[in-house]
Structures are given as C-alpha cells and as structure tokens.
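Notes follow the structure.
Protein chains get the first letters and strands the later ones, always in sequence-line order, with residue 1 at the start of each. Just so it is clear, the structure is predicted and the values come from calculations on it, not from any experiment. Side chains are part of it too, since the values below use all heavy atoms of this structure and drop only hydrogens, waters and symmetry mates.
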Number of protein chains: 2
Amino acid sequence: MVTKQLNASTDEADLTRADSLAREIFSDVANKWAFLIIESLGAGTLRFSELRDKVEGISHKMLTQNLRMLERNGLVDRKVHPTVPPRVEYTLTEPGQALRATVDGMCDWTHRFFGHIEASRHRFDG
Amino acid sequence: MVTKQLNASTDEADLTRADSLAREIFSDVANKWAFLIIESLGAGTLRFSELRDKVEGISHKMLTQNLRMLERNGLVDRKVHPTVPPRVEYTLTEPGQALRATVDGMCDWTHRFFGHIEASRHRFDG
DNA sequence: CAGTATCCAATCCGATACTG
DNA sequence: CAGTATCGGATTGGATACTG
C-alpha cells in the first residue's frame, strides 16, 4: 500500500484512515491529464487559455476539472486578477514542483525506452 | 509534449508519429492501477492471485487488463508454468524496474506532503 | 488457478449553451 | 476570458458465469 511507511500514528483506525486518504490522493493525481498539466506548468505560471493550448488534446472541461482537483490537493495555486476580461493564472506550489520531478522522470523514461516499448508492442501484437 | 526531446529523426512525419506514440505510451502507463501494480512487483516476482491480494481494491478484470497492457508495453514479463492448475508469474522487466523508480518517487511524495495536502483539502472544501 | 466473455451500471468526457 | 451547467454518447469497471 502507498502508506506502508507512514507510521507516525500507532492507532489502527488512524492508520486505516490515513491509508485510504493516501490512496485517494494517489488516485486523484496519478492520471495522464494531471501529469501533463503539471509538466506544462513546470516552466512557470500560465493562464487558463495558455494551458489549454499547451496541453494538446485536452478539453475545456477536463482542464477545469483537473485544475480544481490539483488546486484542492494543493499542487497548484490559482490567482484571479479582478480585471475585465478576467485573467486567471496557475502556478505550481512547492508540493507541485516536487511532484514535477516525478513527472519529468516519467517523461525521460518514455524517451529512454521508446524503442524498447515500440519493439515490445510489435512482438505482442503480431 | 512528452517527446519534445526525442529528436533522433529529422523527418516531420516521423516526429509526429513518434509524438503520438509517446503520448499513447504515457496515457497507457500513467494510471493508478498500473502504478500500483508496478509498485507491488517492485519487491519481486508475483503470481496473478498474489498480485490481486497485494493490490487492494483491484478487480480481477482490471488486473488482467492492466497486466496485458504492461506486458504489451514491455514493462512486465509473463511466465506461464504448464502445470495443473496453471501457475503464472509476473516480473518487472528492465524498463519496468526503471519506471518503478519514478513510481517510488510518487509514493515518497505522497508521504512527504501528506499533511500539506490534507490541510489544503480542508481549506478548499470549507 | 488464470483467464476470457458478457452484461449492466457508473463515470467519463466532449459539445454546447449560458454567465459575470 | 474563465468558468459553470447540462446533455448524451462513449468508455470504464464490477459482478458473474464459463473454460482449459
């Protein structure tokens, strides 16, 4: 389980609660859109529309939905400028930046084993 | 995009193809069940039923589905022992092991920022 | 034991329309 | 511009039954 090393509490019930919460966080964040958004925000602050352009293929709806989720979990900071038309900027927080390292790692992994994976798919499919 | 550093080819069409393939791999693998399976296989080889017990909450169907996907992408090796009843063992390949480092990173991240995230959620929900 | 196939509910997600 | 709400089709995923 994700929290097997989280042993601050010795209370059984608390451990279970913490466990399910950790699992929830994990399930929230471990999805492709969240990862691609985090990757895009890595370079710095972006507006909603800039993000939509940068994360190719994402729909308006998925972008808002995932941004809310990331904001709720404290990975991105949402700053609204009270201008007209409104300007909303998204920035990675410290936890968000920390997770970016992981996401970067996965991108590197994709490049590194690209050929290997492609070959494996051919073998499997044929 | 995920493959922005993948520049072995100078051909535009190939780059596009590689890009979409990289995105496909990324989308395949960046999901919670795949991550939890990889994490579970980190300690070593496991049978199908052992995996189902270890990855709590996963259904029979999701486990087979994700194992096939991981096998296709060359992250896990599937070894069938022709006994009766059958014995099937799953092991991480080199690319699988490499990705495990990334997944481990995410687990560490969850523990490290657990309190931060919990607090952020409270702030957001209230 | 491991795996496939099927059914059906839950959810995901895109398109569209509407608001401040 | 950024966001919410809604609808309906597509996909996901669990439960169950069946096979070698």
Just the dot-bracket of DNA chain C, please: which string comes out with Watson-Crick or G-U pairs under 3.5 Å, [ ] for crossing, | for another strand?
||||||||||||||||||||
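The only member of Leu41(B), Ile38(B), Thr93(B), Leu46(B) that meets side-chain contact (heavy atoms from CB on, under 4.5 Å) when paired with Val76(B) is Leu41(B). Among Asp77(B), Leu99(B), Leu75(B), Leu92(B), the single residue meeting the side-chain contact (heavy atoms from CB on, under 4.5 Å) criterion with Leu70(B) is Leu75(B).
Ring planes of Phe113(A) and Trp109(A): tilted class, angle from 30 to 60°.
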Extract all donor-acceptor atom pairs below 3.5 Å that involve side chains of residues 119-126 of chain B and protein atoms in other chains or at least two apart in sequence.
{"unit_1": "Ser120(B)", "atom_1": "OG", "unit_2": "Arg72(A)", "atom_2": "O", "d": "2.9"}
{"unit_1": "Ser120(B)", "atom_1": "OG", "unit_2": "Gly74(A)", "atom_2": "N", "d": "3.1"}
{"unit_1": "Arg121(B)", "atom_1": "NE", "unit_2": "Asn73(A)", "atom_2": "OD1", "d": "2.7"}
{"unit_1": "Arg121(B)", "atom_1": "NH1", "unit_2": "Glu24(A)", "atom_2": "OE2", "d": "2.7"}
{"unit_1": "Arg121(B)", "atom_1": "NH2", "unit_2": "Asp28(A)", "atom_2": "OD2", "d": "3.3"}
{"unit_1": "Arg121(B)", "atom_1": "NH2", "unit_2": "Asn73(A)", "atom_2": "OD1", "d": "3.3"}
{"unit_1": "Asp125(B)", "atom_1": "OD1", "unit_2": "Arg72(A)", "atom_2": "NH1", "d": "2.9"}
{"unit_1": "Asp125(B)", "atom_1": "OD2", "unit_2": "Arg72(A)", "atom_2": "NH1", "d": "2.5"}

Can you tabulate the close N/O pairs, meaning under 3.5 Å, that link protein atoms to atoms of nucleotides 12-16 of chain C?
{"unit_1": "dC13(C)", "atom_1": "N4", "unit_2": "Lys61(A)", "atom_2": "NZ", "d": "3.3"}
{"unit_1": "dG14(C)", "atom_1": "OP2", "unit_2": "Ser59(A)", "atom_2": "OG", "d": "2.3"}
{"unit_1": "dG14(C)", "atom_1": "O6", "unit_2": "Lys61(A)", "atom_2": "NZ", "d": "2.4"}

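For the side-chain contact (heavy atoms from CB on, under 4.5 Å) test, residues two or more places apart in sequence or in another chain that qualify with Arg112(A) are Glu94(B), Ala98(B). Taking the salt bridge (charged side-chain N to carboxylate O under 4.0 Å, His left out) definition, one finds that Asp104(B) meets it with Arg100(B), sequence neighbours left out. Scanning for side-chain hydrogen bond (donor to acceptor under 3.5 Å, both in side chains) contacts around Arg78(B) gives Tyr90(B), with sequence neighbours left out. Checked against side-chain hydrogen bond (donor to acceptor under 3.5 Å, both in side chains), Glu89(A) has the following partners two or more places apart in sequence or in another chain: Arg87(A). Shown here are the ring-ring contact (aromatic ring centres under 6.0 Å, His included) partners of Phe48(A), two or more places apart in sequence or in another chain: His60(A).
Atom CG of Leu51(B) is separated from atom CG of Asn66(B) by 11.0 Å, given to the nearest 0.5 angstrom.
In the hydrophobic cluster analysis, where Ile, Leu, Val, Met, Phe, Trp and Tyr join through side-chain heavy atoms closer than 4.5 angstrom, Val84(A) is grouped apart from Val88(A).
Sorted by first and then second residue, the side chain to side chain donor-acceptor pair (under 3.5 Å) pairs involving residues 40-53 of chain B (not counting sequence neighbours) are Thr45(B)-Thr91(B).
Contacts with DNA chain D (heavy atom under 4.0 Å) in residues 68-87 of chain A: Arg68(A), Arg78(A), Pro85(A), Pro86(A), listed by number.
A 4.0 Å heavy-atom criterion places the boundary nucleotides of DNA chain D facing chain B at dG13(D) to dG20(D), written 5' to 3'.
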